[in-house]
Number of protein chains: 2
Amino acid sequence: MVRVTITQVAAHAGVSVASASRALNGQIASAETIAKVRHAAAVLGYVADATAQSLQRGRTNQLAYAVADIGNPVYVEMMSAIERVVSASGYRLLLSSTGTTSSSVDVVRDLGRGYVDGMILSPLRITDELLTALAQSPTPVVVLGRLPDGARLDTVRADSFTAMRLIVDHLVTEGRRDIAFVNGPTDTTPGAFRRDGFAAAVTSHPYLSTRTVDAQDFTIAAGYTAVRQVLAGDQRPDAVVAANDLIAIGAIRAAEDLGLTIPRDIAVTGIDNTELAGVVRPGLTSVDLGAEERGRVAAELLLARIAEPSRAAHTVTVAPSLVVRGSSLVAGHGPKRVAPALEHGDEATAFGTEEAAG
Amino acid sequence: MVRVTITQVAAHAGVSVASASRALNGQIASAETIAKVRHAAAVLGYVADATAQSLQRGRTNQLAYAVADIGNPVYVEMMSAIERVVSASGYRLLLSSTGTTSSSVDVVRDLGRGYVDGMILSPLRITDELLTALAQSPTPVVVLGRLPDGARLDTVRADSFTAMRLIVDHLVTEGRRDIAFVNGPTDTTPGAFRRDGFAAAVTSHPYLSTRTVDAQDFTIAAGYTAVRQVLAGDQRPDAVVAANDLIAIGAIRAAEDLGLTIPRDIAVTGIDNTELAGVVRPGLTSVDLGAEERGRVAAELLLARIAEPSRAAHTVTVAPSLVVRGSSLVAGHGPKRVAPALEHGDEATAFGTEEAAG
DNA sequence: CTGAAAGCGCTAACAA
DNA sequence: TTGTTAGCGCTTTCAG
């Protein structure tokens, strides 16, 4: 299995390399040349070298998805959606983990090496340093998450404010009056926005009693610990609003271990509507932030920017939807979904908002 | 942000491109040259172009992981492990989905394009066509799964026979005597080996009553459907052995919907010991096939082969371990793990077997 | 329509 | 130690 080059194909076909290249790429060439070259290529088992093509054409046909914590089901869901769009467009997908060795900033800086034509970045924290790196990046980057106003970048974001409002309103409707909000770290983008979203949602219900605890991170274990702490207090809340499904599952465990029954003694809600939400018992009421859709849209924005580098920066906000399951109900209604209508995995949903700027 | 090349760095530093290259790559060069070149590179913001380096050096520093169904937690777990090893060795990881557009065979054939230095392949079905493509591949491939004897390829595999034996023995110990085996499609590699493994495991217990159903695929929905069918029969089994955790969760749902209590009326077991197993109630007894370890070992084998292409083909078998949770117990013991000792996520486990051949 | 030649950006001989 | 030169394999002017 020795590497066969276009030079050998050309020689075998009795034409120049230029003709061979043209014939192979569907450029202008006589029928006879095409036939000879095709034949030679087939006989020799020729396949064009991707690296050489990349160098010559100035593009790699590769895109990257950079995320801190692959392993979190939400990011996997996004990645699947991205992969689908990307491979359908003839690109290969590269996975860059930003968690361990390198930070988001490093990853963005490394883009200068030109190993991909574009990147989708899901940063945990958005720092000034990162924004600078993004602004200077020679390769287009689409950011999943909320950027400061004025950042001229393609962005796809969830709507944490609406999400929190949906949850709080629902709990109020179900008669809950004392809500503990278990957030993740507030120095992360999701943590910060869920904190603010919760605060905003609560203002509509001044009679509510609320408190907030920050879990160490967005995991089951951290959720468990945080909720044990909350439930150890004097006054037990009648609802726990968790910042994501993993924390929520930790909350369910903690409540169970204290002999509480969900939802009778305490309601629990999550965010992300991952597969886990449908698997635990009682089913976990959760807000679907449209991970699949966000991934798909991000990939589409990236492809559009590559096709037209000078186009205006777009920001797409994906509308959340509440999926009600047993963990938050008083009596045993079945699961239902609250506005806007959106089935999990549904492909045909409209964008919440799209604004072009810059 | 215009692309700056080594030529410009050399000019700025007042040396030749060769000297610039040597200085940048830690080759032999005078201290003064190094200083000048480093300075020039810093001033101009130079970063070497990855594609040009690849073309020249003849390697891409990229490895690929090809899998049909990313989204299945097991493959995500493997991918994380692979990513860790790969990025620690300075390689980038590419994700090739073989499910939708292209088959495993296409993916392997495409390796001829030279866009990666090696690949880890997790094929759902191993066909002669695939074996041929693998044998002819110019780039090394490590296969996750069981290959026919005589295939001179690096392989990492789980031990389905031991896995099934652990489960069946456990259920027998717990007093179960009528076992329904709910497999996935038997024309897939896992399906075929789990079928054979179950058959073998059962022979040690001739007094057992058993039956087998094949679910449509390895999903919760398919498991649910298959188990509804099983439980509709005249004689209800006292245990369901599912071919993976997803099918097992479908089984739990089906049993619950028929008003059965797990494990009192019926025991349920899974395979893979995914995160889901610890999250459902009752906890799902499951065999850990060492996904994390298999991924890690596969990556290590690949790196070893790239370093030494002519070395003998290795086959590593990872030992399974049974993780007992509530879904299979008669009385309420806590969770426990049966031989060999292996904690979920444990990094420091020995290989079950390693044989070198070829 | 075809071939010769240049060159993508880089590294590695080879001489000097 | 350094610079000159030759490619890596391919695509693309530019003459013919």
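In what follows, every heavy atom counts, from backbone to side chain, and hydrogens, waters and symmetry copies are set aside. Quick note on labels: first sequence line is chain A, next is B, and so on, each numbered from 1. Please read all numbers here as calculations on a predicted model, not as lab measurements.
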Got a second to check how far A:Glu292's CD is from A:Ile82's CD1, nearest 0.5 Å?
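If we round to the nearest 0.5 Å, A:Glu292:CD and A:Ile82:CD1 are 10.0 Å apart.
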Roughly how far, to the nearest 0.5 Å, is the CG atom of B:Leu63 from the CG atom of A:Leu94?
10.5 Å
When you compare the side chain of [Y] with that of [X], does any pair of heavy atoms fall below 4.5 Å?
| X | Y | value |
| --- | --- | --- |
| A:Ile6 | A:Ser21 | yes |
| B:Ser19 | B:Val37 | no |
| A:Ser96 | A:Met119 | yes |
| A:Tyr115 | A:Asp110 | yes |

I'd like to know if B:Gln56 reaches the base of D:dG7 with its side chain such that a donor and an acceptor end up less than 3.5 angstrom apart.
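Checked by distance alone, the answer is yes.
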Rounded distance (Å) that lies between atom [atom2] of [N] and atom [atom1] of [X]:
| X | N | atom1 | atom2 | value |
| --- | --- | --- | --- | --- |
| A:Ile34 | C:dT2 | CD1 | P | 8 Å |
| B:Ile28 | C:dA13 | CD1 | C1' | 15 Å |
| B:Arg59 | D:dG9 | CZ | C1' | 18 Å |
| A:Asn25 | D:dT12 | CG | P | 7 Å |
| B:Leu55 | C:dA12 | CG | C1' | 14 Å |
| B:Leu24 | C:dA12 | CG | P | 13 Å |
| A:Arg113 | C:dG9 | CZ | P | 15 Å |
| B:Ile6 | C:dA12 | CD1 | P | 11 Å |

Considering only [options], which nucleotide approaches the side chain of [X] most closely?
| X | options | result |
| --- | --- | --- |
| B:Val15 | D:dG9, D:dT1, D:dG3 | D:dG3 |
| A:Ser19 | D:dC10, C:dT2, C:dA12 | C:dT2 |
| B:Arg22 | D:dG3, D:dT11, C:dT11 | D:dG3 |
| A:Arg57 | D:dC8, D:dT11, D:dT2 | D:dT11 |
| B:Ser30 | C:dA13, D:dT2, C:dG9 | D:dT2 |

Let me test you: for the helix from C:dC1-D:dG16 to C:dA16-D:dT1, what is the angle between the axes at its two ends (five pairs each), rounded to 10 degrees?
40°
Presence of [X] side-chain N/O under 4.0 Å of [N] phosphate oxygens OP1/OP2:
| X | N | answer |
| --- | --- | --- |
| B:Gln53 | C:dT11 | yes |
| B:Tyr46 | C:dC10 | yes |
| B:Gln27 | C:dA12 | yes |
| A:Thr33 | C:dT2 | yes |
| B:Ser16 | D:dG3 | yes |

Might you confirm whether atom CZ of B:Arg38 has over 12 heavy atoms from other residues, nucleotides or ligands at distances under 6.0 Å?
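No, not enclosed.
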Under 4.0 Å, counting only non-hydrogen atoms across every strand here, what does A:Ala18 touch: a base, just sugar-phosphate, or nothing?
base
The complete set of salt bridge (charged side-chain N to carboxylate O under 4.0 Å, His left out) pairs with one or both residues in residues 136-148 of chain B, sequence neighbours excluded, reads none
